[in-house]
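All values reported here derive from a predicted model rather than from experimental measurement. Atoms within a ligand are numbered from 1 in the order they appear, just like the ligands themselves.
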Amino acid sequence: MSSHPDIIPQPGIMQISPYVAGKSTAQGGNRVTKLSSNENPLGPSPAAKAAYIEAAGTLETYPSSDHAPLRMAIATVHGLDASRIICGAGSDEIIAFLCNTYAGIGDEVLYTEHGFSMYAISAQAAGATPVAAPETNLHADVDALLAACNDHTKLVFLANPNNPTGTMIPHSEITRLAENLPPQALLVLDGAYAEFIEGFDGHASLVETRDNVVMTRTFSKIYGLGGARIGWGYGPEHVIGALNRVRGPFNVSAGALKAAEAAVQDVGYTTHCRTENAKWRAWLQSALREIGIPSDESFANFILTRFENPTMAEAADAYLQTRGLVVRNVAGYGLPACLRITIGDEIACRAVASALADFMKGARA
Ligand SMILES: *Cc1c(COP(=O)(O)O)cnc(C)c1O
């Protein structure tokens with residue numbers, strides 16, 4: 001039974017389109033290579049793995065509830081104030097805290113046309129109305145975002161670099177957005193892919209100077225800890241203080257806290273992952289461009305490949321699956337002629353290039 005006459009979910013809940021996760025299986029192909037969820041092909045730092053295993057020795061005890069050791073480690077590595085960091089079960093949980101804290105019935109939550117789908121899901125779960133502002137050439141458009149703001153706009157989510165487009169807009173544009181938002185609106189800068197750009201602080205410097213900007217970060221992408229579910233947020237005292245009232249005391253597990261602490265401290269390993277990603281991203285992008293599959297410059301660990309039309313993108317997706325390669329169909333993000341391909345290791349990148357070369361030969365024959 002899909003509905004009950006008397007037991008009724010809160011407004012907005014039944015309008016949610018459930019999140020669609022990247023596929024992890026494929027028809028045909030013996031070994032499956034998953035390139036659909038932007039996971040790190042090199043896995044987490046060995047130190048993070050060891051810390052997670054060690055945490056198994058004390059599973060009967062509740063984890064830290066203030067997350068102080070992890071917040072201190074993050075603050076030290078990134079040069080931030082530990083008292084204004086909040087940890088969550090993935091940055092998805094921080095996104096949910098923000099929506100539950102600042103948006104409700106009658107309020108609007110704004111994001112870009114090809115924005116991460118959790119923004120709309122969490123907004124609707126809080127009873128608020130999700131609103132998408134148009135992009136220009138697959139890039140966030142600050143003027144369009146500002147034009148979409150009104151007295152009801154409570155949150156503005158922007159990932160920079162963005163998923164699934166992989167594109168980025170300059171710090172000056174982010175600053176202009178923050179400066180011109182209506183007074184009741186909080187800007188949330190989603191830095192899920194910030195670590196893939198050398199020397200980039202995810203706009204933490206803007207958080208330091210303004211009281212209407214929050215940054216979210218994750219251990220799921222470059223740190224290779226997607227399975228542990230841990231992320232964090234950084235913001236002004238008034239925001240972090242409010243979010244901590246919504247947060248459950250034991251929202252993050254002991255293993256995740258220990259693994260993340262070791263991961264953020266292993267700066268050498270993070271650099272290695274960044275370098276490998278940049279190398280194979282450039283290689284794959286140019287290999288695909290040569291065979292007629294273009295993509296915009298990506299600043300993250302995936303590329304958004306463009307095909308001539310949706311039919312061709314679907315056929316390419318199906319063909320890749322026959323070769324054991326699972327990529328992300330992004331039709332649900334309004335990009336039916338595109339496929340998002342995570343940058344795997346060398347073997348995976350070469351396999352994708354060779355499979356798509358065969359596909360294109362077949363398509364043109
Ligand atoms: C992957 C991703 C997240 C992070 O999700 P977690 O809950 O931390 O695993 C957040 N935002 C964007 C844009 C992402 O692509």
### Query
With a cut-off of 6.0 Å (strictly less than), are more than 12 heavy atoms of other residues, nucleotides or ligands near CD of Gln10?
no
### Query
Around atom CD of Glu237, are there more than 12 heavy atoms of other residues, nucleotides or ligands at under 6.0 Å?
no
### Message
Just to be sure I understand the cut-off, which residues have at least one non-hydrogen atom under 4.0 angstrom from an atom of ligand 1?
### Response
Gly90, Ser91, Asp92, Phe116, Asn163, Asp190, Ala192, Tyr193, Thr218, Ser220, Lys221, Arg229
### Query
Any ion pair linking Asp358 and Arg323 (charged N to carboxylate O, less than 4.0 Å)?
yes
### Query
Side chains of Arg247 and Asn244: is there a donor and an acceptor less than 3.5 Å apart?
yes
### Query
Taking the six-membered ring for Trp, are the ring centroids of Phe157 and Tyr119 within less than 6.0 Å of each other?
yes
### Query
Under 6.0 Å from the six-membered ring centre of Trp283 and within 45° of its axis: does the NZ or CZ of Arg350 meet both?
yes
